[in-house]
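In the text below, chain A, chain B and the rest are named by the order of the sequence lines, each starting its count at 1.
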Amino acid sequence: MHFSEMFIPTLRESPAEAEAVSHILMLRAGYVRQLAAGLYIYLPLAWKVMERITNIIREEMGKIGAQEMCLPALQPREVWQKTGRWDDIGEEMFRLQDRGSSDLCLGMTHEEIVTWLASMEIRSYRDLPQVWYQIQTKFRDEARPKSGVLRTREFIMKDSYSFDRDERGLEENYQKHSDAYHRIFSRCGLAFYRVESDPGMMGGATAHEFMAPSPAGEDVIALCKKCGYAANIELAESVPAPQPPLSDAETWTREDVSTPEKRTVDEVSGFLHVSTLYIIKSLLLISKDGPFLALVRGDQELHEKKLMKIVGDFRTAEKDEVKDILGVEPGFIGPHDNELKKIADISLKEGIYISGANKKDFHTKGLRPSLHFKAEWHDIHVAQEGEGCPRCGSEITLQKAIEIGNIFRLGTKYSVPFKALYLDKKGKEVPIVMGSYGIGPARIAAAVIEQSNDKDGIIWPLSIAPFDVEIIPLNIGDRTISQTAEQFYNALKKENMDVLIDDRDERPGVKFKDADLIGIPLQLIVGGKNLKDGIVEIKYRSTKAITKVLIQEAVKKLKEMKNQLESD
RNA sequence: CGGGGCGUAGCGCAGCCUGGUAGCGCGCCUGCUUUGGGAGCAGGAUGUCGGAGGUUCAAAUCCUCUCGCCCCGACCA
């Protein structure tokens, strides 16, 4: 393409509304424009990147035998009612009515639709397995769109669905997808981890997410460098360091100490000059089975999602309820001397503690769990940096990350309500076993930018760059320069390279700046002085290293360099 | 949905407190010069000051309401 004919509206300054690096650079380099909150226009450069990404996805999906199709974005209420999600999902779903007042929604995902299809068409075990996918727009009425294309209300997603006879088949397809995803993200030049994740609204058994580390990420993942344990903080386990023995710990006998007006862990810790590791945080919560206490160590935070998995939905008790149930106001409640059900974090299992005394302005010192109270023990704390890996014990680290893909074992969660059944070899009706697998191509692009940029702009990996090479004739007023540049353009096209030539009547500085901003991996610089010596320059965008080559060798050299970048 | 911030030319911003002819830089258009890291000179175009209502002789500025966007949190494939 000729730069002068292509729509690449670069900006000198970053628009004020952008904060995330990828957002700033996509705006400045002329890749996207924002229409409204969470709605983006993908300009030609961005669309070329998206195309390259989706091509990689198509290739890899093809390799695992997945078949591309296209499902409607407009979907009738009835299918969503089959699974109950019409009511479960709430405000995140865009809903509308047609002229006949029938309820419809804009699809936020397509499990219902493919399962409906499968229920209509799949009859026999001979029809299975099937793997279907599409690359299509999804709609979600996000409470807070943010960070450019990272969280939008309308976005393109590759979603695939596997249909198997049994768990073994699902396992195979799950693994195939996992492997394909590894290849896709690697080919796109991303650093990423596969982590254990919470299935959330998708339901089903277990799931994994693919996470690209980046400060712009919304998720936090826990990683163990030693054994490879990797999990979303939503469910990451950890082993907090044990309480160190207090020099005078042995002398702590159980006694109530006066702690006037000291309610929070920090207040009590400061007042008694004791580390928060020796304090029990007691929270009175109400589940559908009634009130119970959740106990975590003073240095830990209660992980509500983990707790919810144990006791189901719960809420915190009101001030008055605490008084009614325990006879004391919040801040002085403790796990001893009452018969409430208790769920305690594993960090509390050993050691000696201080907790509320269940009487106002007093705390009890010298409490020993299991001696002074009974509890169910679970991991209900939020994992923290530096704590022990649940598998191997070595230190875990926490990182922010962008979710670029996910894979879910759905099992029969969708096939049962849809009666998506098949007849097995013995003629028995059996529900199809399903999996679902998503990738966000725009998130891949944004994550790559987040991970690969410098002060001058984007640094695309060759695999998903909008072009392979940008030719920069430094002065198109000079006929020798512009003609040489055009000759290179044609020669490189003949070699099947995707080339952008900056044929604008701009000064060299402007072209250099724009080229670095846009981030095409190779630059071919055609300038007057070098040309007189029969020389042009080739520059790597990533390192800015310049190679001078003879004009007649430049095409060959560029091909070599491209091949080199491809194999990196 | 809770908390905070911001809406003035295409972009970045000043002006608002203390009401009185709407500004600056960049970009854009024309011409000349210039051509290896966002050129110089000369000339020029561009605004419902987010919107509505109110106060006032007079509102970008003060008041009320409203819409939009961004950030933090809640929520979230």
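- Taken residue by residue, residues 441-452 of chain A places heavy atoms nearer than 4.0 Å to RNA chain B at Arg443(A).
- Between Arg409(A) and Asp164(A) there is no salt bridge, since none of the side-chain N atoms of the basic residue sits less than 4.0 Å from a carboxylate O of the acidic one.
- What separates CD of Gln523(A) from P of G37(B) is a distance of 14 Å, to the nearest Å.
- Taking the charged nitrogens against the carboxylate oxygens, Arg151(A) and Glu142(A) do have a contact shorter than 4.0 Å, which makes a salt bridge.
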I'd like a list of close polar pairs between nucleotides 49-52 of chain B and the protein, N/O only, cut-off under 3.5 Å.
none

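- Salt-bridge annotation for Glu68(A) and Arg58(A): present, with a side-chain N of the basic residue lying under 4.0 Å from a carboxylate O of the acidic one.
- Mapped onto RNA chain B by nearest heavy atom, Leu531(A) and Glu304(A) fall at different nucleotides, with Leu531(A) at the one closer to the 5' end.
- Residue Asn475(A) places no side-chain atom within donor-acceptor reach of the base of G36(B), judged by atom type and a 3.5 Å distance cut-off alone.
- No N or O donor and acceptor, one from the side chain of Arg504(A) and one from the base of G38(B), sit under 3.5 Å apart.
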Only pairs under 3.5 Å count here: list side-chain donor-acceptor contacts from residues 505-512 of chain A, not counting sequence neighbours, and write none if there are none.
{"unit_1": "Lys511(A)", "atom_1": "NZ", "unit_2": "Pro473(A)", "atom_2": "O", "d": "2.9"}
{"unit_1": "Lys511(A)", "atom_1": "NZ", "unit_2": "Asp502(A)", "atom_2": "O", "d": "3.0"}
{"unit_1": "Lys511(A)", "atom_1": "NZ", "unit_2": "Arg504(A)", "atom_2": "O", "d": "2.8"}

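- Nucleotide U21(B) is matched to nothing when pairs are restricted to Watson-Crick or G-U wobble geometry with both distances under 3.5 angstrom.
- A salt bridge links Lys138(A) and Asp159(A); the closest N-O separation between the charged side-chain nitrogens and carboxylate oxygens is under 4.0 Å.
- Along RNA chain B, the nucleotide nearest Met157(A) and the nucleotide nearest Asp456(A) are compared for position; the residue whose nucleotide lies closer to the 5' end is Asp456(A).
- For Glu470(A) and G36(B), the CD to P distance is 17 Å, given to the nearest whole Å.
- Of all nucleotides listed (G37(B), A77(B), U35(B)), G37(B) comes nearest to the side chain of Lys513(A).
- Counting atom types as modelled, Lys539(A) pairs a side-chain N or O with a base atom of G37(B) as donor and acceptor under 3.5 Å.
- For Asp514(A), the side-chain atoms get nearest to G38(B) when compared with the rest of G12(B), G38(B), C76(B).
- When each of C76(B), A39(B), G36(B) is scored by its nearest atom to the side-chain atoms of Asn530(A), the top-ranked nucleotide is G36(B).
- You'll find the ring centres of Phe408(A) and His208(A) outside the 6.0 Å limit.
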Could you pull out the protein-nucleic contacts involving nucleotides 27-30 of chain B (nitrogen or oxygen on both sides, under 3.5 Å)?
{"unit_1": "G27(B)", "atom_1": "OP1", "unit_2": "Arg12(A)", "atom_2": "NH2", "d": "3.4"}

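- When the C1' atom is compared between G40(B) and G47(B), the two are found 29 Å apart, to the nearest whole Å.
- Pairing of A60(B), defined by two Watson-Crick or G-U wobble distances under 3.5 Å, is not identified with any nucleotide.
- Considering only side-chain atoms of Pro508(A), the nucleotide from A77(B), C11(B), G36(B) that sits closest is G36(B).
- Remark: C28(B) base-pairs with G44(B); criterion is Watson-Crick or G-U wobble with both hydrogen-bond distances under 3.5 Å.
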### Contact pattern, 5' to 3', of nucleotides 67-74 of chain B - B, S or - by protein heavy atom under 4.0 Å
--SSBBBB

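- Residues of residues 314-321 of chain A that place a heavy atom closer than 4.0 Å to RNA chain B do not occur.
- Checking G36(B), A77(B), G38(B) against every side-chain atom of Glu537(A), the shortest atom distance belongs to G36(B).
- Within the 4.5 Å cutoff, side-chain heavy atoms of Tyr181(A) are placed close to those of Tyr437(A).
- Comparing A39(B), A77(B), G25(B) against the side chain of Val510(A) picks out A39(B) as the nearest.
- Base pairing annotation: A39(B) forms a Watson-Crick or G-U wobble pair with U33(B), both donor-acceptor distances under 3.5 Å.
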